Structures are given as C-alpha cells and as structure tokens.
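Working notes, structure below.
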Amino acid sequence: IQVAYDDISGIELNPIAPMDISGSVRIEGQHKTKTSDIQIALSGAGRNITATVDDQGRLAFRSVEPGAYRVDPGSYSSLYLKSVSWGTADVTAGEIDLRNGLPPRSDVSVVLSAEGGELTGSVRDDEQKPAMGIVALVPTSGHRSPPFFKFANVTDSGTYTLRGIAPGSYKIYAWDSVDRNAVMYDPTFLPQFDSTAKTVEVGRGEKKTLDLVRILLPDSLR
C-alpha cells in the first residue's frame with residue numbers, strides 16, 4: 001500500500017495466513033516409478049515449494065504463502081505431464097491463484113503418463129561427421145509450457161535419445177551449446193533458427209528416428 005499526501009481512513013486489512021493444499025499424483029500406463037519419487041513443486045511468487053508425495057500418490061503442500069503459482073511436475077526421462085487440475089479447473093498450462101486464499105475446491109490432481117513417444121537419431125556437423133551438442137524438442141501444438149519441452153545431450157558418438165514425449169507436433173533443433181531458458185522463455189531466440197529446424201509429429205507410445213545437422217550458435221547468443 002502506498003500513501004501519498006492525503007489522509008485515508010476506513011481501510012480494513014485482512015492478512016491471509018499460509019495455506020495447506022492437498023491432492024494426488026497418478027501415473028498412467030506401464031511403469032516402475034514410485035509416486036513417492038515424483039517431485040511436484042509450486043513455482044511462482046518468488047518461491048518454490050515442493051510437495052510431499054507418498055506411495056499411494058497423496059500429495060501435500062504445506063504453508064503456502066498467498067500468490068500465483070504454476071505446478072511444476074519436474075522432469076522424468078520416461079514420463080510426460082498429461083494434465084493438472086485444481087478443483088474443477090484445468091491448470092495444465094495455467095496457474096493456481098492463491099492471492100485471495102483457498103477456494104472451496106482446492107485439491108490438486110496431477111496425472112503423468114508412461115505412454116509417451118520416443119525420438120532417437122544422430123547429429124552431424126557440416127562435414128557429416130558425428131557432432132556433440134544439445135538437442136531441443138519444442139512443442140508447436142497443445143501445451144507449450146516448460147514441462148512439454150525436452151532436452152538431450154548428444155553422446156560422443158553423435159547420437160541422442162528423447163523419451164517421455166507428450167503426443168503432439170514439435171520442432172527439433174541441435175546446437176553445439178544453448179541456454180535452455182532462452183529456448184523456453186525468449187520469444188526472439190527460436191525464430192532465428194527456424195530454417196534449420198525439423199518438424200515432427202509424435203503419437204502416443206510412438207518411436208521415431210530423426211537425424212539432425214548441428215547448429216553452431218553465434219558468439220553473440222552464447
């Protein structure tokens with residue numbers, strides 16, 4: 001609250017106490033991942049709050065301050081985020097708004113799937129020799145929030161593998177080096193390399209092979 005030069009009266013302040021939020025985590029498909037190994041977090045408002053998750057998939061966030069948060073399911077090589085709901089609202093690509101306290105329906109439901117697609121292939125340089133680097137898979141349809149981006153380090157032999165890909169359309173890039181935050185958050189970064197990207201459609205449980213040519217990142221973008 002910022003007060004200038006005039007007196008004010010009749011203002012009532014009602015501080016909101018930290019809140020506890022409960023919910024569940026479920027994994028669809030055949031998998032060997034224990035739900036207690038899943039790291040679910042609330043990110044936002046300058047905070048990062050990790051939930052406790054038990055073997056039955058029950059999750060709990062404790063002492064959450066008022067603010068707007070995005071549910072971050074973490075990164076798992078063989079799983080993808082299928083949905084996040086907050087009460088009756090789909091917040092897979094949205095936020096949980098706690099600035100006015102908890103609504104009547106405040107349970108969080110996170111669904112992960114083990115039925116993602118897989119991409120493998122080789123990365124070559126301009127001389128068609130195996131090249132190390134980083135491969136980035138960028139969603140062009142559906143949800144475009146960070147959990148749906150995939151990154152892989154290219155091996156010494158010039159091969160890569162991306163697993164746990166959500167069904168959808170993507171562009172795929174291979175750089176010698178890249179800032180992952182620039183890929184996900186900087187709207188001016190990717191258009192510079194669209195002419196060298198490949199497009200790919202990945203279905204549920206589908207496996208594809210796609211060979212790439214490495215992009216040398218200009219010094220000005222490193």
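We're numbering straight along the sequence, starting at 1. Quick caveat: nothing in here was measured; it's all calculated off a predicted structure.
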One pair to check against side chain to side chain contact (heavy atoms under 4.5 Å, CB included): Leu42 and Ile21. What are the steps and the verdict? CA-CA 11 Å; Leu42 292 179; Ile21 303 173; 4.3 Å; yes
Give the intermediate values and the outcome of side chain to side chain contact (heavy atoms under 4.5 Å, CB included) for residues Asp194 and Lys171. CA-CA 8 Å; Asp194 277 349; Lys171 285 186 177 180; 3.5 Å; yes
Evaluate Asp55 against Ser36 for side chain to side chain contact (heavy atoms under 4.5 Å, CB included), listing each step before the verdict. CA-CA 5 Å; Asp55 287 333; Ser36 56; 2.5 Å; yes
Report the C-alpha distance between Thr199 and Thr140 in whole Å, list the side-chain angles of each, state the deciding distance to 0.1 Å, and finish with yes or no for side chain to side chain contact (heavy atoms under 4.5 Å, CB included). CA-CA 9 Å; Thr199 58; Thr140 58; over 6 Å; no
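Closest of all the heavy-atom pairs between Leu217 and Ser177 is CD2-O, 3.3 Å. Across Pro73 and Ile38, no two heavy atoms sit closer than the pair O-CG2, 4.5 Å. Heavy-atom minimum distance, Val183 versus Leu190: O-CD1, 3.6 Å. Between Ile27 and Thr33, the shortest heavy-atom distance links the atoms CD1-O, 3.9 Å. Annotation for Pro146 and Met184: closest pair CB-SD, 3.8 Å, computed over non-hydrogen atoms. Scanning all heavy atoms of the two residues, the minimum distance from Ser169 to Ser141 falls at N-OG, 3.0 Å.
Contact of the Leu216 side chain with the Asp125 side chain is not registered, since no non-hydrogen atoms from C-beta on lie closer than 4.5 Å. Proximity of Pro18 to Val64: side-chain heavy atoms (C-beta onward) are nowhere separated by under 4.5 Å. Contact of the Val123 side chain with the Tyr160 side chain is registered, since non-hydrogen atoms from C-beta on lie closer than 4.5 Å. With a 4.5 Å cut-off on side-chain heavy atoms, Leu98 and Met19 count as touching. With a 4.5 Å cut-off on side-chain heavy atoms, Val84 and Val111 do not count as touching. Counting heavy atoms from C-beta outward, Val200 and Leu119 have side chains that approach closer than 4.5 Å. Contact of the Leu210 side chain with the Lys198 side chain is registered, since non-hydrogen atoms from C-beta on lie closer than 4.5 Å.
Hydrophobic cluster membership differs between Ile165 and Leu81, with clusters built from Ile, Leu, Val, Met, Phe, Trp and Tyr side chains linked at under 4.5 angstrom. Under the 4.5 Å side-chain heavy-atom criterion for ILVMFWY residues, no single connected hydrophobic cluster contains both Ile134 and Phe148.
Under the 4.0 Å criterion applied to side-chain N and carboxylate O atoms, Glu115 and Arg204 are assigned as salt-bridge partners. Between Asp54 and Arg58 there is a salt bridge, with a side-chain nitrogen of the basic residue lying less than 4.0 Å from a carboxylate oxygen of the acidic one. Between Arg26 and Glu28 there is a salt bridge, with a side-chain nitrogen of the basic residue lying less than 4.0 Å from a carboxylate oxygen of the acidic one.
Legend: residues meeting side-chain hydrogen bond (donor to acceptor under 3.5 Å, both in side chains) with Ser122, ordered by chain and number and at least two apart, are Asp211. Among residues two or more places apart in sequence or in another chain, the side-chain hydrogen bond (donor to acceptor under 3.5 Å, both in side chains) test is passed with Asp20 by none.
Side-chain atoms of Asp107 and Ser22 form no donor-acceptor pair, as typed in the model, at a separation below 3.5 Å.
Side-chain atoms of Lys208 come within 3.5 Å of backbone atoms of Glu201 as a donor-acceptor pair (strictly under, hydrogens ignored). Between the side chain of Ser85 and the backbone N or O of Ala89, no donor-acceptor pair lies under 3.5 Å. Within the 3.5 Å criterion, the main-chain N or O of Thr188 finds a donor-acceptor partner in the side chain of Gln192.
Annotation: ring pair (Phe, Tyr, Trp, His ring centres under 6.0 Å) contacts involving residues 172-206, sequence neighbours excluded, comprise Tyr173-Trp175, Trp175-Phe189, Trp175-Phe193, Phe189-Phe193. Contacts classified as salt bridge (Lys or Arg N to Asp or Glu O under 4.0 Å) and involving residues 153-169 (residues at least two apart or in different chains) are given here: Glu118-Arg163. Residues in residues 58-108 take part in no ring pair (Phe, Tyr, Trp, His ring centres under 6.0 Å) pair, two or more places apart or across chains. Under the salt bridge (Lys or Arg N to Asp or Glu O under 4.0 Å) criterion, no residue pair touches residues 33-48, with sequence neighbours excluded.
Within a 6.0 Å radius of CD in Gln30, no more than 12 heavy atoms belonging to other residues, nucleotides or ligands are found. Taking a 6.0 Å sphere around CG of Asp90, one finds it holds more than 12 heavy atoms contributed by other residues, nucleotides or ligands.
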